[in-house]
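Down below is the structure, laid out as structure tokens.
Along the sequence shown, residues are numbered consecutively beginning with 1. The structure presented is a predicted model; accordingly, all values stated were derived computationally and were not measured.
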Amino acid sequence: MFHPKLPDTPHVPSITTHIPQDHAPAPSAGRPIAPFVGVGVGAVTAVVAVGVVLTALLAAVAVSAVSVAIAAVVLRSLVNGSNKR
């Protein structure tokens, strides 16, 4: 009752064509590529780590600047308030 009934589709035979390849595979240079892949992964990891550290330092500088600005405004209001009294 709860199972959907799908319409019957006729079976269409598939036609596969084979295209022969006349050329041979390219000869390798004789050097393995695995060391270069390892260097690439290490470089990407280093760049990501440096980016994270620089972003954290930038956030710390921004938070410090905001807190110093708030402290300056509070001190200024306290100094000006005592002069008016």
Problem - Worked verdict on Leu78 versus Val74 for side chain to side chain contact (heavy atoms under 4.5 Å, CB included) - result: CA-CA 6 Å; Leu78 288 175; Val74 168; 4.2 Å; yes
Only pairs under 3.5 Å count here: list side-chain donor-acceptor contacts from residues 40-52, not counting sequence neighbours, and write none if there are none.
from: Thr45; atom 1: OG1; to: Val41; atom 2: O; distance (Å): 2.8

Show me the donor-acceptor pairs within less than 3.5 Å that the side chains of residues 65-72 make with the rest of the protein, sequence neighbours left out.
from: Ser67; atom 1: OG; to: Val63; atom 2: O; distance (Å): 3.3
from: Ser67; atom 1: OG; to: Ser64; atom 2: O; distance (Å): 2.8

